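I have placed the structure first, in the form of structure tokens, so that the comments after it can refer back to it.
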Amino acid sequence: MENVLEKMERIDGKRKIADFIVKQKMDYGFKVKYATIRAREFVRECDMRDLNYHVSVGGLDSITLFLFLKSIGIDAPGISVSYLEDLSIQRIHKQLGIERLVSAVKPDGTRWTKPQIIQEFGFPVLSKEIASKIETLANPTEKNKTVRHAIITGETGEYGGFQKNSRMKMSQKWLEKFGGYANNYEGTNYQIPNFKVSSKCCYYLKEKPCDDWAKEHNSVPFLGLMASEGGRRAKSLMINGCNYFGKSTIRSAPFAIFSRQDLLQLALDLNVPVPEIYGTIERDEDGQLRTTGAQRTGCSMCGFGIQLEKRPHRFDQLKERNPKEWEYWMYKCCTDELTGEKYGWARVLDYIGIGY
């Protein structure tokens with residue numbers, strides 16, 4: 001079986017990443033023209049393959065993408081699991097005619113709710129990648145044995161090219177807090193949290209409903225992803241570029257080479273309606289564009305990236321906007337399976353050292 005290092009060599013991954021980084025350093029005008037070319041190229045290829053296309057819409061980035069595509073003559077419908085977003089974002093979605101979807105169906109025929117997913121699978125905390133690793137450690141199987149060992153030690157085994165200090169290893173800070181699931185077989189002495197962690201929220205609440213809609217409509221997505229935002233998809237964007245036609249995945253990310261500054265400048269140029277939660281787009285003392293309110297948004301109970309935020313962080317802002325909702329998510333959204341006690345994000349934030 002081909003290991004990850006051999007695959008990178010076969011696909012000339014290092015050169016592709018280097019070329020992508022060069023494009024990221026180009027000026028704003030180049031990037032807008034490049035996004036235009038790539039978007040139209042994607043549409044032509046979809047037409048040749050008898051595929052429809054749509055925009056997966058959430059916050060400001062994808063709202064900007066939706067209106068950018070219209071500005072260059074691409075009339076792609078927008079879809080969103082809109083009820084997960086802030087009310088001000090929902091209002092913009094309604095104004096723009098975005099089709100509103102609902103969460104995925106449970107085995108019993110009802111639909112998943114946010115509290116049910118947290119109770120069943122765990123809290124979305126730190127990042128999607130870290131949460132997925134913690135979830136893997138907490139659910140050991142013979143099949144994921146090598147992956148679990150890599151998460152603890154960085155040693156990847158044969159498939160990972162026998163690397164000794166790979167990025168698979170979770171940072172020491174979070175290993176200390178969440179690595180205890182592996183103590184018995186790794187000889188470590190890490191802690192185990194008194195709550196579950198999972199990355200499954202996005203799948204059941206957003207990804208699966210959008211995927212199901214796409215299959216029903218023979219449609220593939222435009223996504224407002226930018227490699228500069230980091231995360232688990234950044235390397236994939238660098239290697240695969242703006243447009244990707246794979247065996248199981250087809251997508252376009254015209255803004256892949258954009259920085260946050262580029263995105264905000266385009267939003268200004270297109271007169272994009274900015275949802276109230278973001279405030280307004282202004283230049284700071286250093287000449288950098290920023291939103292005066294939230295910098296990033298998402299589901300009101302999502303904790304991905306909370307450890308990177310300065311106060312007032314997203315939960316502080318939620319308390320200011322909606323005290324009742326804040327109290328629910330902080331103290332009442334889950335039931336402890338051992339004690340029957342109600343608890344919520346307060347327990348999680350205490351554990352990872354975040355004030356609230």
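Predicted, not measured: the structure shown is a model, and the values here were computed from it.
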Check: [X] ring centre within less than 6.0 Å of [Y] ring centre:
X: F66; Y: F222; value: no
X: Y351; Y: F178; value: yes
X: W345; Y: F315; value: yes
X: Y331; Y: W326; value: yes
X: Y53; Y: F42; value: no

Is any NZ, NE, NH1 or NH2 atom of the basic residue among [X] and [Y] found under 4.0 Å from an Asp or Glu carboxylate oxygen of the other?
X: D19; Y: K23; value: no
X: R44; Y: E41; value: no
X: R290; Y: E282; value: no

What pair of heavy atoms forms the shortest contact from [X] to [Y], and how long is it?
X: C242; Y: Y34; value: SG-CE2, 3.7 Å
X: Y356; Y: I354; value: CD2-O, 3.6 Å
X: I277; Y: S88; value: N-OG, 3.1 Å
X: T156; Y: A150; value: CA-CB, 4.2 Å
X: I281; Y: A267; value: CD1-CB, 3.9 Å
X: L237; Y: A253; value: CD2-CB, 3.9 Å

Atom pair [atom1]/[atom2] of [X] and [Y] - distance to nearest 0.5 Å:
X: H54; Y: S80; atom1: NE2; atom2: OG; answer: 11.0 Å
X: L60; Y: I92; atom1: CG; atom2: CD1; answer: 10.0 Å
X: K114; Y: C302; atom1: NZ; atom2: SG; answer: 10.5 Å
X: I72; Y: L67; atom1: CD1; atom2: CG; answer: 12.0 Å
X: K169; Y: T153; atom1: NZ; atom2: OG1; answer: 7.5 Å
X: I117; Y: K106; atom1: CD1; atom2: NZ; answer: 9.0 Å

Do the side chain of [X] and the main chain of [Y] share a donor and acceptor less than 3.5 angstrom apart?
X: H149; Y: K145; value: no
X: T335; Y: G340; value: no
X: Q24; Y: S259; value: no
X: Q116; Y: T113; value: yes
X: T292; Y: T280; value: yes
X: D336; Y: L338; value: yes

With sequence neighbours excluded, what pairs up with [X] under the salt bridge (charged side-chain N to carboxylate O under 4.0 Å, His left out) test?
X: E341; result: R347
X: R260; result: D61
X: D12; result: R15
X: R251; result: none

Would you check if [X] and [Y] make a side-chain contact, meaning some heavy-atom pair closer than 4.5 Å?
X: W174; Y: Q307; value: yes
X: K208; Y: W112; value: no
X: M8; Y: I17; value: yes
X: T36; Y: F68; value: yes
X: C46; Y: V220; value: yes
X: Y83; Y: L205; value: yes
X: E325; Y: L318; value: yes
X: L266; Y: D262; value: no

Should [X] and [Y] be regarded as members of a common hydrophobic cluster, given that ILVMFWY residues are connected when their side-chain heavy atoms come within less than 4.5 Å of each other, either directly or indirectly?
X: L223; Y: V57; value: no
X: L308; Y: I306; value: no
X: I63; Y: L84; value: no
X: L225; Y: I89; value: no
X: I37; Y: F20; value: no

Distance-only side-chain donor-acceptor flag, [X] / [Y], under 3.5 Å:
X: Y328; Y: N322; value: no
X: H93; Y: E85; value: no
X: T297; Y: Y278; value: yes
X: Q172; Y: E176; value: yes
X: E135; Y: N139; value: no
X: N144; Y: T136; value: no
X: N194; Y: Y343; value: no

Can you confirm whether E9 is buried at CD, in the sense that more than 12 heavy atoms of other residues, nucleotides or ligands lie under 6.0 Å from that atom? no
Taking side chain to side chain donor-acceptor pair (under 3.5 Å) as the cut-off, I'd like each qualifying pair that reaches into residues 118-129, sequence neighbours left out, listed once. K128-E207
I79 and C210: CA distance, side-chain angles, deciding distance, side-chain contact (heavy atoms from CB on, under 4.5 Å) verdict: CA-CA 7 Å; I79 64 169; C210 290; 4.1 Å; yes
Checking K196 now: which residues fulfil side-chain hydrogen bond (donor to acceptor under 3.5 Å, both in side chains) with it, not counting sequence neighbours? none
Examine R148 relative to Y185 and say whether NZ or CZ is less than 6.0 Å from the centre of the six-membered ring and inside a 45° cone about the ring axis. yes
Step by step, work out the side-chain contact (heavy atoms from CB on, under 4.5 Å) result for T110 and V105. CA-CA 6 Å; T110 62; V105 176; over 6 Å; no
Using the rule given for ring-ring contact (aromatic ring centres under 6.0 Å, His included), can you reason through Y190 versus Y181, listing the C-alpha separation, both sets of side-chain angles and the distance that settles it, and then say yes or no? CA-CA 8 Å; Y190 297 138; Y181 301 106; over 10 Å; no
Show your reasoning for whether side-chain contact (heavy atoms from CB on, under 4.5 Å) applies to D86 and E276. CA-CA 9 Å; D86 180 77; E276 184 181 343; 5.8 Å; no
